[in-house]
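Everything on this sheet refers to the single structure shown next.
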Amino acid sequence: MITVLLFAHLQEEAGQDRLEMDLDEITIGDLKKELQQKFRLSQLDHVMVAINEEYALNDDKVKQGDVVAFIPPVSGG
Amino acid sequence: MITVLLFAHLQEEAGQDRLEMDLDEITIGDLKKELQQKFRLSQLDHVMVAINEEYALNDDKVKQGDVVAFIPPVSGG
Amino acid sequence: MNNELFQIVDEPIILQDLVDKVERREAGAVTTFIGTVREWTKGKRTVYLEYQAYKPMAIKMLKTIGDEIQSKWPNTKVAITHRVGRLDISDIAVIIAVSSPHRKQAYEANEYAIERIKQIVPIWKKEHWEDGETWIGDQLEKVSYPKGKPNIKGEVL
Amino acid sequence: MNNELFQIVDEPIILQDLVDKVERREAGAVTTFIGTVREWTKGKRTVYLEYQAYKPMAIKMLKTIGDEIQSKWPNTKVAITHRVGRLDISDIAVIIAVSSPHRKQAYEANEYAIERIKQIVPIWKKEHWEDGETWIGDQLEKVSYPKGKPNIKGEVL
(Lines give C-alpha, C1' and ligand atoms only; values in the text may rest on other atoms or scores of the structure.)
Protein backbone atom coordinates (compact mmCIF):
# COMPACT_ATOMS: atom_id res chain seq x y z
CA MET A 1 0.00 0.00 0.00
CA ILE A 2 1.06 3.54 -0.60
CA THR A 3 -0.46 6.55 1.10
CA VAL A 4 -1.50 9.50 -1.05
CA LEU A 5 -2.03 12.95 0.42
CA LEU A 6 -4.01 15.63 -1.40
CA PHE A 7 -4.03 19.36 -0.70
CA ALA A 8 -5.80 22.57 -1.66
CA HIS A 9 -8.11 22.27 -4.70
CA LEU A 10 -7.10 18.62 -5.27
CA GLN A 11 -8.40 17.72 -1.84
CA GLU A 12 -11.70 19.40 -2.61
CA GLU A 13 -12.01 17.80 -6.05
CA ALA A 14 -11.32 14.34 -4.67
CA GLY A 15 -13.50 14.86 -1.64
CA GLN A 16 -10.76 13.46 0.58
CA ASP A 17 -7.34 14.45 1.86
CA ARG A 18 -5.80 11.03 2.16
CA LEU A 19 -6.15 7.64 0.50
CA GLU A 20 -4.46 4.28 0.56
CA MET A 21 -3.70 2.68 -2.79
CA ASP A 22 -2.66 -0.91 -3.34
CA LEU A 23 0.26 -0.19 -5.63
CA ASP A 24 4.01 -0.75 -5.71
CA GLU A 25 6.94 0.26 -7.93
CA ILE A 26 4.95 2.79 -9.88
CA THR A 27 6.38 6.02 -11.30
CA ILE A 28 5.03 9.36 -10.19
CA GLY A 29 3.91 9.92 -13.77
CA ASP A 30 1.81 6.77 -13.80
CA LEU A 31 0.46 7.42 -10.35
CA LYS A 32 -0.70 10.84 -11.54
CA LYS A 33 -2.64 9.17 -14.37
CA GLU A 34 -4.25 6.67 -11.99
CA LEU A 35 -5.43 9.42 -9.71
CA GLN A 36 -6.64 11.61 -12.49
CA GLN A 37 -8.89 8.83 -13.76
CA LYS A 38 -10.05 7.73 -10.35
CA PHE A 39 -11.18 11.19 -9.24
CA ARG A 40 -11.50 13.14 -12.47
CA LEU A 41 -8.98 15.60 -11.09
CA SER A 42 -8.14 18.71 -13.03
CA GLN A 43 -4.86 18.35 -14.86
CA LEU A 44 -1.83 17.57 -12.75
CA ASP A 45 0.92 18.98 -14.97
CA HIS A 46 1.72 21.79 -12.61
CA VAL A 47 1.32 19.71 -9.51
CA MET A 48 4.51 18.69 -7.76
CA VAL A 49 4.92 15.46 -5.91
CA ALA A 50 6.84 14.70 -2.75
CA ILE A 51 7.78 11.19 -1.75
CA ASN A 52 8.23 10.95 2.00
CA GLU A 53 8.42 14.71 2.29
CA GLU A 54 11.06 15.18 -0.40
CA TYR A 55 10.28 16.69 -3.80
CA ALA A 56 10.41 14.05 -6.54
CA LEU A 57 10.31 13.95 -10.35
CA ASN A 58 7.83 12.28 -12.71
CA ASP A 59 10.23 9.40 -13.35
CA ASP A 60 10.88 8.67 -9.69
CA LYS A 61 9.35 5.45 -8.38
CA VAL A 62 7.02 4.99 -5.48
CA LYS A 63 7.17 1.79 -3.48
CA GLN A 64 5.08 0.16 -0.79
CA GLY A 65 4.96 2.10 2.43
CA ASP A 66 5.78 5.43 0.80
CA VAL A 67 3.79 8.56 1.54
CA VAL A 68 3.18 10.48 -1.66
CA ALA A 69 1.95 14.06 -1.44
CA PHE A 70 0.44 15.92 -4.40
CA ILE A 71 1.51 19.52 -4.08
CA PRO A 72 -0.20 22.18 -6.21
CA PRO A 73 1.80 25.37 -6.78
CA VAL A 74 2.36 26.74 -3.32
CA SER A 75 1.02 30.09 -2.15
CA GLY A 76 2.25 30.61 1.39
CA GLY A 77 3.79 33.74 2.82
CA MET B 1 23.74 87.30 20.13
CA ILE B 2 23.91 83.99 18.45
CA THR B 3 23.52 80.68 20.26
CA VAL B 4 26.08 77.97 19.55
CA LEU B 5 25.38 74.33 20.36
CA LEU B 6 28.17 71.76 20.65
CA PHE B 7 27.85 68.00 20.57
CA ALA B 8 29.83 64.81 21.10
CA HIS B 9 33.61 65.34 21.41
CA LEU B 10 33.28 69.09 20.73
CA GLN B 11 31.11 69.44 23.80
CA GLU B 12 33.69 67.64 25.89
CA GLU B 13 36.61 69.63 24.49
CA ALA B 14 34.86 72.95 25.11
CA GLY B 15 33.57 71.88 28.49
CA GLN B 16 30.10 73.18 27.62
CA ASP B 17 27.25 72.27 25.34
CA ARG B 18 25.91 75.75 24.67
CA LEU B 19 27.24 79.26 24.50
CA GLU B 20 26.05 82.72 23.55
CA MET B 21 28.31 84.79 21.34
CA ASP B 22 27.94 88.47 20.64
CA LEU B 23 28.25 88.25 16.87
CA ASP B 24 26.21 89.08 13.80
CA GLU B 25 26.50 88.59 10.05
CA ILE B 26 29.40 86.19 10.30
CA THR B 27 30.00 83.30 7.93
CA ILE B 28 30.05 79.73 9.20
CA GLY B 29 33.68 79.56 8.12
CA ASP B 30 34.65 82.53 10.25
CA LEU B 31 32.58 81.35 13.17
CA LYS B 32 34.44 78.04 13.04
CA LYS B 33 37.74 79.92 13.33
CA GLU B 34 36.49 81.95 16.28
CA LEU B 35 35.45 78.86 18.14
CA GLN B 36 38.57 76.98 17.34
CA GLN B 37 40.68 79.73 18.87
CA LYS B 38 38.42 80.27 21.85
CA PHE B 39 38.36 76.63 22.93
CA ARG B 40 41.35 75.11 21.19
CA LEU B 41 38.98 72.69 19.53
CA SER B 42 40.35 69.93 17.37
CA GLN B 43 40.01 70.77 13.71
CA LEU B 44 36.52 71.45 12.44
CA ASP B 45 36.93 70.56 8.76
CA HIS B 46 34.72 67.51 9.02
CA VAL B 47 32.24 69.16 11.30
CA MET B 48 28.95 70.16 9.74
CA VAL B 49 26.97 73.14 10.83
CA ALA B 50 23.24 73.64 11.05
CA ILE B 51 21.63 77.05 11.29
CA ASN B 52 18.24 76.86 12.98
CA GLU B 53 18.16 73.08 12.45
CA GLU B 54 18.97 73.17 8.74
CA TYR B 55 22.33 72.05 7.36
CA ALA B 56 24.34 75.01 6.11
CA LEU B 57 27.55 75.59 4.15
CA ASN B 58 30.78 77.37 5.13
CA ASP B 59 29.80 80.48 3.17
CA ASP B 60 26.35 80.77 4.70
CA LYS B 61 25.90 83.68 7.10
CA VAL B 62 24.75 83.59 10.67
CA LYS B 63 22.80 86.53 12.05
CA GLN B 64 21.60 87.65 15.45
CA GLY B 65 19.13 85.30 17.07
CA ASP B 66 20.23 82.26 15.06
CA VAL B 67 20.94 78.93 16.71
CA VAL B 68 24.06 77.41 15.23
CA ALA B 69 24.80 73.76 15.91
CA PHE B 70 28.20 72.19 15.32
CA ILE B 71 27.61 68.66 14.13
CA PRO B 72 30.50 66.20 14.04
CA PRO B 73 30.07 63.25 11.66
CA VAL B 74 26.97 61.47 12.88
CA SER B 75 26.97 57.91 14.20
CA GLY B 76 23.39 57.05 15.04
CA GLY B 77 21.60 53.86 14.12
CA MET C 1 6.71 30.18 24.01
CA ASN C 2 7.89 27.34 21.86
CA ASN C 3 11.59 27.54 21.15
CA GLU C 4 11.57 25.87 17.75
CA LEU C 5 13.04 28.16 15.11
CA PHE C 6 10.72 26.91 12.35
CA GLN C 7 7.06 26.47 13.09
CA ILE C 8 3.62 26.07 11.56
CA VAL C 9 0.97 27.17 14.04
CA ASP C 10 -2.76 27.73 14.14
CA GLU C 11 -2.81 30.48 16.76
CA PRO C 12 -1.81 34.14 16.31
CA ILE C 13 1.92 34.71 15.89
CA ILE C 14 3.61 36.97 18.43
CA LEU C 15 6.28 39.19 16.87
CA GLN C 16 8.38 39.53 20.00
CA ASP C 17 8.65 35.74 20.35
CA LEU C 18 10.36 35.50 16.98
CA VAL C 19 12.75 38.33 17.80
CA ASP C 20 13.61 36.69 21.13
CA LYS C 21 14.51 33.48 19.30
CA VAL C 22 17.19 35.15 17.16
CA GLU C 23 18.62 37.71 19.58
CA ARG C 24 22.27 37.27 20.49
CA ARG C 25 24.95 39.44 22.06
CA GLU C 26 26.95 39.37 18.83
CA ALA C 27 23.99 40.58 16.76
CA GLY C 28 23.80 44.27 15.99
CA ALA C 29 20.85 43.97 13.64
CA VAL C 30 17.56 42.12 13.62
CA THR C 31 15.19 42.39 10.69
CA THR C 32 11.66 41.09 10.74
CA PHE C 33 9.16 40.56 7.98
CA ILE C 34 5.50 40.41 8.91
CA GLY C 35 3.19 39.18 6.20
CA THR C 36 -0.40 40.20 6.87
CA VAL C 37 -3.71 39.59 5.15
CA ARG C 38 -4.28 42.46 2.76
CA GLU C 39 -7.81 43.62 2.05
CA TRP C 40 -7.39 44.52 -1.62
CA THR C 41 -5.58 42.60 -4.34
CA LYS C 42 -5.75 44.01 -7.84
CA GLY C 43 -9.09 45.66 -7.18
CA LYS C 44 -10.67 42.61 -5.57
CA ARG C 45 -11.73 42.68 -1.95
CA THR C 46 -10.70 39.81 0.31
CA VAL C 47 -13.10 38.92 3.12
CA TYR C 48 -10.85 36.34 4.75
CA LEU C 49 -8.22 33.76 3.89
CA GLU C 50 -7.68 30.14 4.70
CA TYR C 51 -4.20 28.69 4.79
CA GLN C 52 -3.52 24.99 4.59
CA ALA C 53 -0.15 23.30 5.04
CA TYR C 54 1.41 19.90 4.58
CA LYS C 55 2.73 20.46 8.03
CA PRO C 56 5.66 18.06 8.51
CA MET C 57 7.05 18.81 5.08
CA ALA C 58 6.45 22.54 5.47
CA ILE C 59 8.53 22.57 8.65
CA LYS C 60 11.21 20.56 6.88
CA MET C 61 11.28 23.05 4.02
CA LEU C 62 11.47 25.99 6.43
CA LYS C 63 14.50 24.28 7.97
CA THR C 64 15.97 23.86 4.50
CA ILE C 65 15.60 27.59 3.95
CA GLY C 66 17.34 28.14 7.28
CA ASP C 67 20.22 25.91 6.13
CA GLU C 68 20.48 27.74 2.82
CA ILE C 69 20.68 31.04 4.67
CA GLN C 70 23.35 29.70 7.02
CA SER C 71 25.52 28.80 4.08
CA LYS C 72 24.91 32.02 2.15
CA TRP C 73 25.13 34.38 5.14
CA PRO C 74 27.20 32.72 7.86
CA ASN C 75 26.65 34.09 11.35
CA THR C 76 22.99 34.91 10.81
CA LYS C 77 20.27 33.30 12.90
CA VAL C 78 16.79 32.81 11.43
CA ALA C 79 13.36 32.00 12.84
CA ILE C 80 10.19 31.57 10.78
CA THR C 81 6.63 30.93 11.89
CA HIS C 82 3.75 30.51 9.46
CA ARG C 83 0.16 30.39 10.57
CA VAL C 84 -2.54 28.20 9.04
CA GLY C 85 -6.34 28.12 9.31
CA ARG C 86 -8.72 31.03 8.91
CA LEU C 87 -7.16 34.50 8.88
CA ASP C 88 -9.00 37.79 8.77
CA ILE C 89 -7.83 41.10 7.28
CA SER C 90 -4.66 42.37 9.02
CA ASP C 91 -4.02 39.02 10.71
CA ILE C 92 -0.43 37.89 10.52
CA ALA C 93 0.22 34.94 8.20
CA VAL C 94 3.98 34.71 8.53
CA ILE C 95 6.84 36.27 10.46
CA ILE C 96 10.50 35.94 9.57
CA ALA C 97 13.18 37.19 11.97
CA VAL C 98 16.89 37.31 11.14
CA SER C 99 19.72 38.51 13.35
CA SER C 100 23.26 39.18 12.26
CA PRO C 101 26.25 41.22 13.36
CA HIS C 102 25.77 43.66 10.47
CA ARG C 103 22.58 45.00 8.93
CA LYS C 104 23.14 44.21 5.26
CA GLN C 105 23.06 40.47 5.86
CA ALA C 106 19.97 40.72 8.03
CA TYR C 107 18.03 42.44 5.23
CA GLU C 108 19.27 40.17 2.46
CA ALA C 109 18.70 36.92 4.34
CA ASN C 110 15.24 38.01 5.39
CA GLU C 111 14.13 38.84 1.86
CA TYR C 112 15.65 35.61 0.60
CA ALA C 113 13.59 33.68 3.16
CA ILE C 114 10.24 35.06 2.01
CA GLU C 115 11.09 34.46 -1.65
CA ARG C 116 12.00 30.85 -0.88
CA ILE C 117 8.86 30.32 1.20
CA LYS C 118 6.86 31.24 -1.87
CA GLN C 119 8.81 28.71 -3.91
CA ILE C 120 9.24 25.56 -1.87
CA VAL C 121 7.14 25.48 1.29
CA PRO C 122 3.95 23.41 0.88
CA ILE C 123 1.42 25.94 2.12
CA TRP C 124 -1.66 27.02 0.21
CA LYS C 125 -3.90 30.01 0.47
CA LYS C 126 -7.58 30.07 -0.32
CA GLU C 127 -8.97 33.53 -0.96
CA HIS C 128 -12.52 34.15 0.11
CA TRP C 129 -13.71 37.11 -1.95
CA GLU C 130 -17.00 38.90 -1.60
CA ASP C 131 -18.27 36.88 -4.57
CA GLY C 132 -16.58 33.50 -4.32
CA GLU C 133 -13.47 31.62 -3.32
CA THR C 134 -10.32 30.32 -5.01
CA TRP C 135 -7.25 28.40 -4.06
CA ILE C 136 -4.39 30.65 -5.10
CA GLY C 137 -1.69 29.16 -7.27
CA ASP C 138 1.93 30.07 -7.46
CA GLN C 139 2.27 33.70 -6.29
CA LEU C 140 5.36 34.08 -8.38
CA GLU C 141 2.93 33.99 -11.29
CA LYS C 142 4.72 31.24 -13.06
CA VAL C 143 2.36 28.73 -14.57
CA SER C 144 4.69 25.82 -14.18
CA TYR C 145 8.04 24.87 -12.75
CA PRO C 146 10.48 25.29 -15.63
CA LYS C 147 12.83 22.70 -14.20
CA GLY C 148 10.11 20.19 -13.44
CA LYS C 149 10.12 20.86 -9.74
CA PRO C 150 10.38 23.79 -7.40
CA ASN C 151 13.81 25.17 -7.20
CA ILE C 152 14.92 23.18 -4.17
CA LYS C 153 18.65 23.66 -4.35
CA GLY C 154 18.84 27.30 -3.36
CA GLU C 155 19.38 28.77 -6.81
CA VAL C 156 17.84 32.15 -7.31
CA LEU C 157 15.32 32.01 -10.13
CA MET D 1 2.08 54.88 23.59
CA ASN D 2 3.02 58.06 21.81
CA ASN D 3 1.57 58.20 18.32
CA GLU D 4 4.31 60.28 16.73
CA LEU D 5 5.85 58.46 13.79
CA PHE D 6 9.33 59.88 14.39
CA GLN D 7 10.71 59.97 17.91
CA ILE D 8 13.85 60.33 19.98
CA VAL D 9 13.33 58.72 23.39
CA ASP D 10 15.33 57.88 26.46
CA GLU D 11 13.38 54.82 27.55
CA PRO D 12 13.47 51.32 26.00
CA ILE D 13 11.80 51.09 22.60
CA ILE D 14 8.92 48.64 22.26
CA LEU D 15 8.88 46.83 18.91
CA GLN D 16 5.15 46.23 18.83
CA ASP D 17 4.44 49.96 19.29
CA LEU D 18 6.27 50.76 16.08
CA VAL D 19 4.47 48.03 14.16
CA ASP D 20 1.12 49.27 15.46
CA LYS D 21 1.91 52.75 14.15
CA VAL D 22 2.33 51.57 10.55
CA GLU D 23 -0.29 48.82 10.33
CA ARG D 24 -3.10 49.40 7.85
CA ARG D 25 -5.71 47.24 6.18
CA GLU D 26 -4.15 47.84 2.79
CA ALA D 27 -0.70 46.73 3.97
CA GLY D 28 0.30 43.16 3.22
CA ALA D 29 3.86 43.55 4.44
CA VAL D 30 5.55 45.16 7.40
CA THR D 31 9.33 45.12 7.76
CA THR D 32 11.14 46.14 10.89
CA PHE D 33 14.76 46.85 11.55
CA ILE D 34 16.01 46.61 15.11
CA GLY D 35 19.46 48.02 15.72
CA THR D 36 20.95 46.67 18.94
CA VAL D 37 24.16 47.26 20.83
CA ARG D 38 26.68 44.69 19.63
CA GLU D 39 29.28 43.39 22.04
CA TRP D 40 32.16 43.01 19.58
CA THR D 41 33.29 45.38 16.83
CA LYS D 42 36.39 44.42 14.90
CA GLY D 43 37.80 42.45 17.81
CA LYS D 44 37.13 45.15 20.40
CA ARG D 45 34.71 44.55 23.24
CA THR D 46 32.07 47.16 23.98
CA VAL D 47 31.01 47.51 27.60
CA TYR D 48 28.23 50.00 26.96
CA LEU D 49 27.30 52.86 24.65
CA GLU D 50 26.10 56.37 25.12
CA TYR D 51 23.97 58.05 22.47
CA GLN D 52 23.54 61.79 22.29
CA ALA D 53 21.17 63.64 19.94
CA TYR D 54 20.47 67.16 18.86
CA LYS D 55 16.90 66.27 19.54
CA PRO D 56 14.71 68.80 17.67
CA MET D 57 16.85 68.59 14.57
CA ALA D 58 17.12 64.80 14.80
CA ILE D 59 13.33 64.51 14.79
CA LYS D 60 13.18 66.92 11.88
CA MET D 61 15.69 64.83 9.93
CA LEU D 62 13.77 61.62 10.70
CA LYS D 63 10.70 63.33 9.24
CA THR D 64 12.75 64.31 6.21
CA ILE D 65 13.68 60.66 5.72
CA GLY D 66 9.99 59.81 6.01
CA ASP D 67 9.19 62.36 3.28
CA GLU D 68 11.93 61.01 1.04
CA ILE D 69 10.51 57.51 1.43
CA GLN D 70 6.99 58.71 0.66
CA SER D 71 8.16 60.15 -2.62
CA LYS D 72 10.33 57.17 -3.58
CA TRP D 73 7.89 54.46 -2.47
CA PRO D 74 4.36 55.88 -2.48
CA ASN D 75 1.87 54.04 -0.33
CA THR D 76 4.39 53.05 2.32
CA LYS D 77 4.06 54.16 5.93
CA VAL D 78 7.16 54.61 8.09
CA ALA D 79 7.83 54.98 11.80
CA ILE D 80 11.26 55.44 13.37
CA THR D 81 12.25 55.69 17.02
CA HIS D 82 15.83 56.21 18.15
CA ARG D 83 16.88 55.94 21.76
CA VAL D 84 19.50 58.10 23.45
CA GLY D 85 21.35 57.86 26.75
CA ARG D 86 23.22 54.87 28.14
CA LEU D 87 22.62 51.55 26.37
CA ASP D 88 23.96 48.18 27.41
CA ILE D 89 24.77 45.19 25.21
CA SER D 90 21.67 43.93 23.36
CA ASP D 91 19.68 47.08 24.18
CA ILE D 92 17.76 48.48 21.23
CA ALA D 93 19.14 51.75 19.83
CA VAL D 94 16.77 52.19 16.92
CA ILE D 95 13.69 50.60 15.38
CA ILE D 96 12.39 51.30 11.90
CA ALA D 97 9.01 49.94 10.79
CA VAL D 98 7.66 50.20 7.26
CA SER D 99 4.35 48.92 5.95
CA SER D 100 3.35 48.64 2.32
CA PRO D 101 0.93 46.69 0.16
CA HIS D 102 3.77 44.61 -1.32
CA ARG D 103 6.88 43.29 0.33
CA LYS D 104 9.58 44.58 -2.02
CA GLN D 105 8.87 48.20 -1.15
CA ALA D 106 8.79 47.44 2.56
CA TYR D 107 12.31 45.97 2.43
CA GLU D 108 13.75 48.67 0.21
CA ALA D 109 12.28 51.59 2.10
CA ASN D 110 13.39 50.13 5.42
CA GLU D 111 16.99 49.69 4.33
CA TYR D 112 16.97 53.16 2.81
CA ALA D 113 15.86 54.59 6.16
CA ILE D 114 18.76 53.13 8.14
CA GLU D 115 21.29 54.26 5.54
CA ARG D 116 19.90 57.78 5.66
CA ILE D 117 19.86 57.82 9.47
CA LYS D 118 23.58 57.16 9.36
CA GLN D 119 24.03 60.08 6.96
CA ILE D 120 21.89 62.96 8.10
CA VAL D 121 20.42 62.49 11.57
CA PRO D 122 22.38 64.36 14.27
CA ILE D 123 22.91 61.52 16.72
CA TRP D 124 26.29 60.47 18.10
CA LYS D 125 27.49 57.31 19.70
CA LYS D 126 30.20 57.10 22.34
CA GLU D 127 31.72 53.67 22.68
CA HIS D 128 32.84 52.64 26.13
CA TRP D 129 35.41 49.91 25.60
CA GLU D 130 37.10 47.86 28.29
CA ASP D 131 40.13 50.16 28.00
CA GLY D 132 38.74 53.58 27.18
CA GLU D 133 36.07 55.52 25.39
CA THR D 134 35.64 57.27 22.03
CA TRP D 135 33.02 59.26 20.23
CA ILE D 136 32.45 57.36 17.04
CA GLY D 137 32.66 59.31 13.79
CA ASP D 138 30.89 58.67 10.57
CA GLN D 139 29.98 54.98 10.44
CA LEU D 140 30.07 55.07 6.69
CA GLU D 141 33.82 55.35 7.20
CA LYS D 142 34.14 58.44 5.13
CA VAL D 143 36.47 60.97 6.66
CA SER D 144 34.66 63.93 5.23
CA TYR D 145 31.58 64.91 3.31
CA PRO D 146 32.67 65.04 -0.32
CA LYS D 147 30.02 67.60 -1.15
CA GLY D 148 30.71 69.81 1.83
CA LYS D 149 27.67 68.66 3.74
CA PRO D 150 25.78 65.48 4.41
CA ASN D 151 23.81 64.32 1.48
CA ILE D 152 20.53 65.94 2.41
CA LYS D 153 18.71 65.77 -0.87
CA GLY D 154 17.99 62.06 -0.93
CA GLU D 155 20.68 61.08 -3.40
CA VAL D 156 22.15 57.66 -2.80
CA LEU D 157 25.87 57.98 -2.19
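Residue numbers start from 1 in every chain, and the chains themselves are labelled A, B, ... in the order their sequence lines are given, proteins ahead of strands.
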(request) Supply the atom-to-atom distance D:E133 CD to B:E12 CD, rounded to the nearest 0.5 angstrom. (result) 6.5 Å

(message) What part of D:A53 gets within 4.5 angstrom of chain B, counting heavy atoms only: side chain, backbone, both, or neither?
(response) backbone

(message) Strictly distance-based, threshold 3.5 Å: is any side-chain N or O of D:W124 a donor or acceptor partner for the main-chain N or O of B:F7?
(response) no

(request) First locate atom NZ of D:K60, then atom CG of B:N52, and finally report the distance between them rounded to the nearest 0.5 Å. (result) 8.0 Å

(request) Considering only heavy atoms and a distance below 4.5 Å, find which of D:K126, D:E50, D:Q52 pairs most often with chain B. (result) D:Q52

(message) In the structure I gave you, are the side-chain heavy atoms of B:I71 and D:M57 within less than 4.5 Å of one another anywhere?
(response) yes

(request) Report yes or no: does D:Y51 contribute a side-chain atom to a donor-acceptor pair with the main-chain N or O of B:G77 at less than 3.5 Å? (result) yes

(message) Restricting to non-hydrogen atoms, name the atom on D:P122 and the atom on B:Y55 that form the minimum distance, rounded to 0.1 Å.
(response) CD-OH, 4.2 Å

(message) Return the CD1 to OG distance between D:I117 and B:S75, rounded to the nearest 0.5 Å.
(response) 12.5 Å

(request) In plain terms, say whether B:E53 and D:K55 are close enough for a salt bridge, that is, a side-chain N and a carboxylate O under 4.0 Å apart. (result) no

